[in-house]
Asks: 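Have a look at this one before I ask anything.
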Amino acid sequence: MTDEVPVLPAPVGAGVYNVYTGGPAGSTVPTAAQLGLEPPRFCADCGRRMIVQVRPDGWWAKCSRHGQVDSKDLDTRR
């Protein structure tokens, strides 16, 4: 039996850029994001600013190059 680690979608997965600041990956994460109060704003793969819509039950973010991700989809991966 193998435990597969779920892969996050490209816009919010491990990448070259910080999804909250747009800076290099590994840079400091804002306090609001650490508390889970802030959705990702930048694509992890290309660093482009994403279109983000916040809803009462979550958020979705869309990169023009790498597609859309919804917070509901991420909850099922936990």
Side-chain angles (χ1 to χ4, degrees):
M1 181 175 173
T2 60
D3 291 329
E4 291 185 27
V5 177
V7 177
L8 293 174
V12 294
V16 180
Y17 298 95
N18 182 316
V19 296
Y20 300 107
T21 64
S27 59
T28 57
V29 176
T31 304
Q34 290 176 7
L35 295 172
L37 302 173
E38 187 70 25
R41 303 282 181 184
F42 296 88
C43 179
D45 272 357
C46 63
R48 285 183 173 82
R49 188 138 174 96
M50 296 191 289
I51 300 169
V52 178
Q53 177 68 52
V54 178
R55 306 181 308 257
D57 65 339
W59 51 264
W60 62 261
K62 181 179 180 182
C63 173
S64 62
R65 303 281 192 242
H66 297 103
Q68 183 169 320
V69 62
D70 194 305
S71 61
K72 288 182 181 179
D73 297 337
L74 301 179
D75 287 341
T76 62
R77 296 173 188 261
R78 289 184 182 177

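Residue indices begin at 1 and follow the sequence shown. All values below come from the heavy atoms of this structure, side chains included, with hydrogens, waters and symmetry mates left out.
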Asks: Could you pull out all residues at least two apart from V69 that satisfy side chain to side chain contact (heavy atoms under 4.5 Å, CB included)?
Replies: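 For V69 the side chain to side chain contact (heavy atoms under 4.5 Å, CB included) partners, ignoring immediate neighbours, are P9, P11, V12, W59, A61, L74.
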
Asks: I want to check something: taking the side chain as every heavy atom from C-beta on, are P40 and V52 in contact at a cut-off of under 4.5 Å?
Replies: no

Asks: List the residues meeting side chain to side chain contact (heavy atoms under 4.5 Å, CB included) with Q34, not counting sequence neighbours, and say none if there are none.
Replies: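 For Q34, the residues satisfying side chain to side chain contact (heavy atoms under 4.5 Å, CB included) (neighbours in sequence not counted) are V29.
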
Asks: Connecting only ILVMFWY residues whose side-chain heavy atoms lie within less than 4.5 Å of each other, what is the rest of L35's hydrophobic cluster?
Replies: L37

Asks: Any non-hydrogen side-chain atom of C46 less than 4.5 Å from a side-chain atom of C63?
Replies: yes

Asks: Only pairs at least two apart or in different chains count here, so list each side chain to side chain donor-acceptor pair (under 3.5 Å) that has a residue in residues 60-70.
Replies: R55-D70

Asks: Restricting to pairs with a member in residues 39-54, which pass side chain to side chain donor-acceptor pair (under 3.5 Å), not counting sequence neighbours?
Replies: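 Matches after skipping sequence neighbours: E38-R41.
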
Asks: Can you give the donor-acceptor pairs under 3.5 Å from side chains of residues 14-22 to other protein atoms, not counting sequence neighbours?
Replies:
residue	atom	partner	partner atom	Å
N18	OD1	Y20	N	2.7
N18	OD1	T21	N	3.3
N18	ND2	S27	O	3.2
N18	ND2	S27	OG	3.2
T21	OG1	G23	N	3.2

